[in-house]
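Down below is the structure, laid out as structure tokens.
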Amino acid sequence: MRLIYHIFILLYPRLAWVTGLYNRKARLWYKGRRRVFRTLSSFFHTNHQPVIWMHCASLGEFEQGRPLLEAIRKQYPGYKILLTFFSPSGYEVRKSYEGADHICYLPMDSPANASRFFHIVQPSLVLFVKYEFWHYYLQEAKQRNIPLVLVSGIFRASQPFFKWYGGFHRKMLNAFSFLFVQNNESAGLLQSIGFGKNVQVSGDTRFDRVISIAAGFTPVAAAEHFCKGHRVIVAGSTWTDDDEALDHYANTRTALRFIIAPHDIEPGRLQECLQLYKHAMLYSQYTQYLQQEQPLPEGINTLIVDNIGMLSRLYHYADIAYIGGGFGDSGIHNCLEAAVYGIPVVFGPVYDKFIEADELIDAGGAFSIADAIHLEQQLDILLNDNEVFGKAAAAAGNYVRTHGGATDQIMQVLQENRLLTI
């Protein structure tokens with residue numbers, strides 16, 4: 001496994017460079033790392049404050065770690081905060097986030113990069129979110145006796161940690177001072193391989209994040225204008241398969257309003273959505289019509305969102321939320337940021353890696369559909385049966401509200417163990 005890992009970290013940057021010749025995301029991944037050490041050195045060479053470093057794979061993990069980061073910022077302003085990302089989909093969206101003092105890509109894992117990174121940053125506490133495990137960075141933290149914490153971890157029996165060949169991966173877990181996990185199943189798996197004393201079931205900090213977003217909701221003027229007086233379905237983080245399942249329903253239910261937020265907003269993908277949804281226009285075009293007080297085109301019932309960052313607020317206007325990704329191998333996207341508004345949630349058949357989806361279904365607040373026909377049937381039931389709709393909506397909202405508090409639990413342990421002191 002060590003050999004495979006070495007091959008991976010050696011080849012990945014080269015593959016990113018080659019792929020970047022025709023793929024924007026890969027190009028950003030490669031170019032974003034070229035000056036990381038220079039910018040880190042420039043920022044930290046005069047720093048005399050202790051540093052907390054949080055690392056996230058991508059945007060979803062950032063939103064998961066954000067409640068903890070902001071709690072630390074509020075209660076312990078004497079720390080500098082470094083935020084790193086592995087993926088462009090996290091860094092490019094949150095590179096201007098004001099809750100951190102410095103934001104950058106994480107250099108590719110290697111003995112030299114890890115040593116150089118820690119020498120420059122000198123963190124006093126390291127926070128990894130959910131499932132990022134980089135061997136040399138973890139070992140460097142352990143060798144330097146720097147407290148290392150996993151936030152909202154989730155483990156499954158299929159992972160290498162729990163296999164006969166998983167010694168290399170178990171060594172990574174040995175580096176952590178505390179492992180905060182989402183559920184009892186994860187804790188039991190860790191206990192089965194000898195990790196128990198430093199494991200705590202704290203729940204998922206994403207609940208705290210979505211509760212905070214809903215509590216601080218600010219209106220979206222164009223969406224409010226578009227939705228007024230209509231039943232609304234908001235489809236978030238959709239892929240082509242999702243839109244092909246939903247487009248017929250949107251095209252034939254012209255009295256309803258649909259807001260579609262594609263996972264990818266590259267021009268080709270947006271054009272594909274405009275072709276699938278026959279009565280659609282881009283969100284940016286709609287706002288221009290409103291600003292210029294021009295008459296809107298006849299028959300528009302669908303907006304295609306061509307920006308990133310407003311989806312969690314758009315769910316506020318929905319009667320029903322459709323969560324994309326459920327027809328692909330990776331599974332569904334975040335369903336909590338919709339459920340927090342007390343609305344039924346619908347998604348495709350691939351959701352087995354997401355315990356909140358399972359639990360939402362069990363609670364009666366979410367529904368998994370197998371195909372387009374099943375989707376249309378489920379939407380019709382929810383829209384036409386007030387009793388079914390009311391129970392599902394209440395179940396979704398109650399589920400989210402009763403699962404908050406993970407951030408406070410983690411903060412308490414960090415404070416009790418004096419990992420946060422100034």
Side-chain angles (χ1 to χ4, degrees), residues 32-33 35-107 113-114 116-132 134 137-138 140-141 144-153 175-178 180 202 205-206 208-209 212-213 216 309 406-422:
R33 285 168 166 79
R35 298 181 178 85
V36 166
F37 283 117
R38 185 184 305 173
T39 58
L40 281 170
S41 295
S42 175
F43 182 83
F44 285 103
H45 83 283
T46 58
N47 176 54
H48 300 293
Q49 294 175 255
V51 177
I52 294 174
W53 167 34
M54 174 176 279
H55 175 66
C56 308
S58 190
L59 183 61
E61 290 71 38
F62 165 74
E63 292 298 324
Q64 199 159 29
R66 183 171 177 170
L68 181 61
L69 203 63
E70 295 183 349
I72 292 172
R73 184 70 141 184
K74 181 178 181 180
Q75 297 182 44
Y76 298 90
Y79 286 94
K80 291 286 187 182
I81 293 178
L82 168 66
L83 175 64
T84 63
F85 289 96
F86 183 78
S87 169
S89 57
Y91 174 77
E92 297 300 328
V93 175
R94 293 303 181 200
K95 59 187 176 183
S96 300
Y97 170 62
E98 296 180 352
D101 297 289
H102 188 73
I103 304 170
C104 65
Y105 284 100
L106 180 69
N113 282 351
R116 186 179 181 188
F117 183 92
F118 274 85
H119 177 74
I120 294 170
V121 176
Q122 297 290 318
S124 58
L125 175 63
V126 180
L127 307 168
F128 273 40
V129 180
K130 193 175 181 178
Y131 52 45
E132 279 284 271
W134 295 110
Y137 282 101
L138 300 182
E140 193 72 25
R144 292 172 179 257
N145 293 316
I146 299 171
L148 175 64
V149 175
L150 182 68
V151 178
S152 293
F176 285 93
S177 309
F178 292 97
F180 293 100
S202 60
T205 49
R206 282 184 305 165
D208 299 327
R209 175 60 184 153
S212 174
I213 291 173
T407 302
D408 290 340
Q409 288 188 50
I410 297 172
M411 284 292 291
Q412 183 177 347
V413 174
L414 297 182
Q415 292 164 339
E416 289 174 349
N417 287 273
R418 298 190 61 77
L419 301 185
L420 297 169
T421 57
I422 65 169

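Here the structure is a predicted model, which is why all the values come from computation and not from measurement.
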Test side chain to side chain contact (heavy atoms under 4.5 Å, CB included) applied to Val129 and Met54, step by step: CA-CA 8 Å; Val129 180; Met54 174 176 279; 4.0 Å; yes
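Around the CZ atom of Arg144, the shell of radius 6.0 Å holds more than 12 heavy atoms that belong to other residues, nucleotides or ligands. Within a 6.0 Å radius of CD in Glu416, other residues, nucleotides and ligands contribute more than 12 heavy atoms.
Checking side-chain atoms of Ser87 against main-chain N and O of Ser89 turns up a donor-acceptor pair under 3.5 Å. Between the side chain of Thr84 and the backbone N or O of Cys104 there is no donor-acceptor pair closer than 3.5 Å. Listed for the Ser41 side chain is a donor-acceptor partner under 3.5 Å among the backbone atoms of Phe37. Of the possible donor and acceptor atoms, none in the side chain of Ser177 sits under 3.5 Å from a partner among the backbone N and O of Val149. Put simply, the side chain of Tyr131 never gets that close to the backbone of Ser152: no donor and acceptor are under 3.5 Å apart. For the pair Glu61 (side chain) and Ser58 (backbone), a donor-acceptor distance under 3.5 Å is present. Although no hydrogens or angles enter the test, the distance criterion places a donor-acceptor pair under 3.5 Å between the side chain of Asp208 and the main chain of Thr407.
Between Arg73 and Glu70 there is no salt bridge, since no side-chain N of the basic residue sits under 4.0 Å from a carboxylate O of the acidic one.
Between Gln49 atom CD and Gln122 atom CD the span is 14.5 Å, to the nearest 0.5 Å. Annotation: the span from Cys56 atom SG to Glu63 atom CD amounts to 9.5 Å, rounded to 0.5 Å. Taken from CG in Leu414 to CD in Gln75, the straight-line distance is 10.5 Å, to the nearest 0.5 Å. Taking CD1 of Ile52 as the reference point, atom CG of Leu419 lies at 9.5 Å (rounded to 0.5 Å). For the atom pair CZ of Phe85 and NZ of Lys95, the computed distance is 11.5 Å after rounding to the nearest 0.5 Å. With rounding to the nearest 0.5 Å, the separation of CG in Leu68 from CG in Asp408 is 10.0 Å.
Taking each heavy atom of Gly78 and Pro50 in turn, the nearest pair found is O-CD, 3.8 Å. When every heavy atom of Glu140 is checked against every heavy atom of Phe118, the shortest pair comes out as CG-CD1, 3.4 Å. A pairwise comparison of heavy atoms in Lys130 and Leu150 identifies O-CD1, 3.7 Å as the closest pair. Between Ser42 and His45 the shortest heavy-atom distance is O-ND1, 3.0 Å. Of all heavy-atom pairs between Asn47 and Lys80, the closest is OD1-CG, 3.3 Å. Of all the heavy atoms in Ile81 and Gly99, the pair that sits closest is CD1-O, 3.9 Å.
The shortest side-chain heavy-atom distance between Leu40 and Leu82 falls under the 4.5 Å cut-off. Side-chain contact between Tyr79 and Leu420 is present, with at least one heavy-atom pair separated by less than 4.5 Å. Counting heavy atoms from C-beta outward, Val121 and Phe117 have side chains that approach closer than 4.5 Å. With contacts defined as side-chain heavy-atom distances shorter than 4.5 Å, the pair Tyr97/Leu69 qualifies. No side-chain heavy atom of Val93 sits under 4.5 Å from any side-chain heavy atom of Phe62. Residues Leu127 and Ile72 form a side-chain contact, since some pair of their non-hydrogen atoms from C-beta on lies under 4.5 Å apart.
Below 30°, between 30° and 60°, or above 60°: for Phe180 and Phe178 the angle between ring planes is below 30°, a parallel geometry.
Seen from the ring of Tyr105, Arg94 does not count as a face-on cation partner, given the 6.0 Å and 45° thresholds.
Side-chain rings of Tyr137 and Phe128 stay apart, their centers remaining 6.0 Å or farther from each other.
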